[in-house]
Every structure is written in C-alpha cells, then in structure tokens.
Protein chains: 2
Amino acid sequence: MNVHSFIFVPEMRTRDENKEAAIREKAMKMIVDEGFDGLSMQKLAKAANVSPATIYIYYKNREDLLNQLFNHVQQTFYDVALAGFDPLLSFEEGLWIQWKNRLKFILKYPIHFQFYEQFRNSPCINHTDVQISTFKESMKLFVMNAIKKGEMKKMEPEIFWSVAYGTLYSMVKFHLQEIKMMGNDFKLTDAKMKIAFEMVIKALKP
Amino acid sequence: MNVHSFIFVPEMRTRDENKEAAIREKAMKMIVDEGFDGLSMQKLAKAANVSPATIYIYYKNREDLLNQLFNHVQQTFYDVALAGFDPLLSFEEGLWIQWKNRLKFILKYPIHFQFYEQFRNSPCINHTDVQISTFKESMKLFVMNAIKKGEMKKMEPEIFWSVAYGTLYSMVKFHLQEIKMMGNDFKLTDAKMKIAFEMVIKALKP
DNA sequence: TTTGTAAATGAATGTTCATTCATTTATATT
DNA sequence: AATATAAATGAATGAACATTCATTTACAAA
C-alpha cells in the first residue's frame with residue numbers, strides 16, 4: 001500500500017467518456033421520439049452499445065438518469081443563453097440577445113430542447129435547481145433595471161415572461177413542428193424573429 | 001326470433017354510463033399526476049372500480065383510450081371556446097372573448113387541459129382531426145377579417161397565434177403551477193388578464 | 001317467469017420492465 | 001511483468017405490464 005492510497009488511487013481501469021455521452025444522447029433521442037414510456041433501460045443499453053448494468057455505473061437508477069439529463073441540458077442552456085448578455089445592456093438590445101441566444105440553443109440542440117420541454121411539462125419533476133441562481137439573478141436584475149430606466153412598463157415577472165418569451169417559445173414549437181397549424185410548415189427565420197420581436201417590444205414599452 | 005332482430009336488438013344488459021365516465025376521468029387524473037408512464041390499465045381499472053377487461057369493452061386498447069380521451073377533451077374545448085364568439089365581431093372584442101373562453105375552459109376543466117397539453121407536447125400523436133374544421137375555419141375567417149378591416153397588422157398565422165395565444169397559455173401555465181418562477185404562486189385574475197390583453201392588442205395593431 | 005343478449009368480470013398469459021450480481025476486462029502504477 | 005482497482009459485462013430475477021378469455025351477471029322484451 002503506497003502513500004497515495006488515501007488521496008489518489010490511480011491503479012484502475014479508466015472510464016470511457018464516450019459511453020457516458022452515448023448513453024446521454026441516445027436517452028434523449030428515445031424520449032423525444034417515443035416519449036417517456038418509450039425509454040426503457042434495456043432498449044437504451046442496446047442503442048448506446050453498452051450493457052444494461054453499465055448504465056447503473058453512471059446513474060443510480062432511471063429517475064436519476066432523467067434528472068441528470070435535465071440538469072445537463074439546463075446547464076448547457078444557461079451557458080448559451082448568457083453569451084454576450086449583460087444585465088446592464090439597454091432593454092431592447094438585451095432582450096434581443098436573449099431571443100437570439102435562445103434560438104441559437106434550440107437550433108443547435110433541438111433534441112436537448114425538446115427533451116427539456118417534455119420534461120418541464122411532465123408532472124414528476126425533482127426541482128433540483130442547484131446552479132440556477134446566477135442565470136435567474138442576472139435575468140431579474142435585467143428586468144428590474146429596464147423598469148427603473150423607464151424602458152419597460154412595470155408588471156409582474158410572470159406577465160413579463162409570458163409576453164417576452166411565451167411568444168418566442170410558441171413560434172419555436174411551430175418551427176420544430178410539434179404543432180402543425182395548417183398543412184404547410186413554418187420556418188422561423190431571422191426576419192420573422194425580428195417582426196415578432198418588434199411587436200413584443202411595442203407591447204412591453206410604457 | 002322476432003321481427004326486430006336485424007334493426008333493434010333490445011334483449012341485452014344496458015351499459016353503465018357512469019363506468020365510462022369514471023374510466024375517462026380517472027385516466028386523465030392519473031396521466032396528469034404521474035405522466036404517461038404512470039397510466040397502467042390495471043391501476044386504472046382499480047381506480048375506476050372496474051375490471052381490467054371492462055376497459056377493453058369501451059376502448060380497443062391503450063392507444064385507442066388515449067386518442068379517444070384527446071378527442072373528447074378537444075371537442076369540449078371547441079364547444080367552450082366558440083361560446084358567444086362570432087368571426088364577424090370586432091378584432092378586439094372577438095379576441096377578448098377567445099381569451100375569456102379559453103381561461104373559462106381551463107379553470108373549469110384543469111385536469112382536461114393539463115392532459116390535453118401533455119398529449120399535444122408528446123411525440124406519438126395520431127392526429128385524427130375529425131370535427132376540427134368548424135372551429136379552425138371560424139378562427140381563420142376572424143383573423144382574415146381583422147387584417148382586411150385594418151384592425152390588425154398583416155402577418156403569418158403562426159406569428160399571430162404566438163403573440164395572441166402564446167402569451168395567454170404561458171400565463172395559464174404559471175397559474176397552474178406547471179412552472180414555478182420564484183417561490184410564490186401566480187394567480188391569473190381578470191385584472192392580470194386585462195393587463196396582458198391590452199399589451200397584446202397594442203402589439204398586434206398596425 | 002323465462003330468455004337472449006351484451007355488459008362485466010377475475011384469473012391467467014406471455015412479455016417487457018428496472019435492477020442486481022458474480023464475473024471478466026482494461027489500465028495506470030509499481 | 002505483476003498488481004490492484006474500478007469499469008464493464010451478460011445472464012438472471014421478480015415485479016408490473018397490456019391484453020385475453022371462459023364465465024357470470026343484469027337487463028329488457030316476450
């Protein structure tokens with residue numbers, strides 16, 4: 001027994017990081033394609049090319065897997081959403097960056113987004129909310145400043161969120177074809193974003 | 001064998017309508033409380049106080065049960081949403097009636113609404129769309145008229161829908177606590193509806 | 001009261017599920 | 001090369017799953 005035994009134990013087989021990622025991605029794909037009941041541990045193991053038992057090395061159980069997936073996606077989302085954003089920006093510029101960032105995330109990780117939305121709308125959420133503070137605090141500060149500076153009407157945060165982002169998320173869902181309105185598709189372009197954004201700004205101004 | 005045999009066969013045990021309703025309501029409750037994977041036919045049978053086999057008298061299988069539930073809720077929704085509505089109404093008045101009707105439905109049938117939303121956001125929808133035409137045609141006519149009369153900016157239907165209803169549905173979800181923003185609750189009162197509605201009208205006007 | 005019919009049932013079936021465990025494998029250090 | 005350790009595994013387990021079926025039950029007409 002060497003001196004490192006209690007600090008760092010190096011004599012071991014190393015983890016295959018690819019396996020972890022494969023499990024994560026396949027799990028989200030299965031949930032998006034087939035729903036929560038479509039995700040079984042054995043089907044997931046087969047899809048990710050691992051043994052069922054391997055999944056239980058990375059995740060305590062099925063529920064833990066789902067929660068860790070959710071937290072992973074949430075963290076990625078926060079990172080993308082905060083890029084280039086500063087709560088001291090002007091209201092219009094700041095909100096536009098938010099819209100663009102959110103769309104960027106959705107187009108880059110459509111599976112992650114759809115998994116996230118499905119999870120959020122599902123009943124059995126374990127609101128872990130560990131790392132969230134930074135993001136939420138930043139957003140709160142941004143809105144408070146906008147009101148103080150007279151760039152936005154004073155209103156409850158839920159009403160603000162609904163006007164500012166409810167509109168955006170609705171368009172995104174049309175874009176991802178979760179909801180088909182008429183026969184034809186709706187493609188969310190930059191131009192359409194701008195049109196809707198101008199309307200939202202008009203609505204929020206004092 | 002009597003003369004009625006081929007037209008009306010009355011010598012039979014009558015159906016218990018209560019059972020059908022019990023199955024329907026309990027099924028939606030289970031899905032809203034525990035998600036789609038929380039609905040098992042045996043648990044449902046126990047909750048509705050019937051035999052598992054009885055469910056299969058009313059519904060071909062699990063999938064058929066879900067689809068029939070969805071269609072049932074959709075029909076109820078359309079009935080409520082169209083009450084007092086006329087596509088020839090002024091834009092502002094017509095849209096306000098829509099908002100009030102939709103909220104009325106949601107407050108009267110919160111379980112139905114939450115089931116409906118969960119179903120719409122789930123991947124495996126069999127878009128049956130049988131009786132929908134009347135409702136959708138009425139809505140389309142209403143929006144076309146509003147544009148023609150210059151009460152509303154010309155825009156794609158999906159953008160209109162997102163601004164007009166995306167906002168409302170977002171507030172409703174806050175109200176039903178599907179999404180908790182801060183610690184405290186958000187109660188969607190008539191006054192708050194009116195505030196948001198005025199903002200939306202401002203956004204949509206030319 | 002008897003009778004024909006469909007409603008309603010409880011037990012049974014075969015399948016799929018999440019999870020576990022005894023064993024094997026790969027690797028970083030010695 | 002030897003070793004210690006955790007990674008990785010395939011087969012196994014028992015529970016829960018959707019669905020079926022041989023019976024029984026209730027009802028409306030005769």
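Here the structure is a predicted model, which means the values were calculated and not measured. Proteins get letters first, then strands, A, B, ... in listed order; numbering begins at 1 in each. Reckoned from all heavy atoms, side chains included, excluding hydrogens, waters and symmetry mates.
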Less than 6.0 angstrom from the centroid, inside 45 degrees of the normal: does A:Lys194 satisfy that with respect to the ring of A:Trp96?
yes

Ranking B:Arg15 and B:Pro52 by the position along DNA chain C of their nearest nucleotide, the one closer to 5' is B:Arg15

Atom-to-atom span, CG of B:Asp64 to P of D:dA18 - whole angstrom:
15 Å

Describe the nucleic acid contact of B:Thr14 in one word from base, sugar-phosphate, nothing, applying a heavy-atom distance below 4.0 Å.
sugar-phosphate

As a test of reading the structure: which of C:dA8, D:dT9, C:dT9 is closest to the side chain of A:Ile57, going by heavy atoms?
D:dT9

B:Ala53 or A:Thr54, whichever maps to the more 5' nucleotide of DNA chain D:
A:Thr54

Could you tell me if B:Lys192 sits above the aromatic ring of B:Phe186, with its cationic atom closer than 6.0 Å to the ring centre and no more than 45 degrees from the axis?
yes

Could you tell me how far apart B:Asn18 (CG) and C:dA7 (C1') are, to the nearest whole angstrom?
14 Å

So for A:Arg13 and D:dA7, does any side-chain atom that can act as donor or acceptor lie under 3.5 Å from a complementary atom in the base?
yes

Whole angstrom value for the distance that separates C1' of D:dC17 from CG of B:Asn61:
14 Å

Regarding B:Tyr58, tell me which of base, sugar-phosphate or nothing describes its non-hydrogen contacts under 4.0 Å with the strands shown.
sugar-phosphate

Ring geometry between B:Tyr116 and B:Phe70 (parallel below 30°, tilted from 30 to 60°, perpendicular above 60°)
parallel

Of the listed D:dT20, D:dA8, C:dT9, the closest approach to the B:Tyr56 side chain comes from D:dT20

Please report, to 0.1 Å, the donor-acceptor pairs under 3.5 Å made by any side chain of residues 20-27 of chain B, with sequence neighbours excluded.
unit_1  : atom_1 : unit_2   : atom_2 : d
B:Arg24 : NH1    : B:His72  : NE2    : 3.4
B:Glu25 : OE1    : B:His112 : NE2    : 3.2

Heavy atoms within less than 4.0 Å of DNA chain C: which residues of residues 38-45 of chain A have one? Give them sorted by number.
A:Leu39, A:Ser40, A:Met41, A:Gln42, A:Lys43

With the side chain defined as heavy atoms from C-beta on, B:Arg62 is closest, among D:dA18, C:dT9, D:dA8, to D:dA18

Using atom types as modelled and distance alone, determine if a side-chain donor or acceptor of B:Ser162 lies under 3.5 Å from a backbone N or O of A:Met171.
yes

Answer yes or no: is there a donor N or O on one side and an acceptor on the other, between the side chain of B:His175 and the main chain of B:Lys187, under 3.5 Å?
no

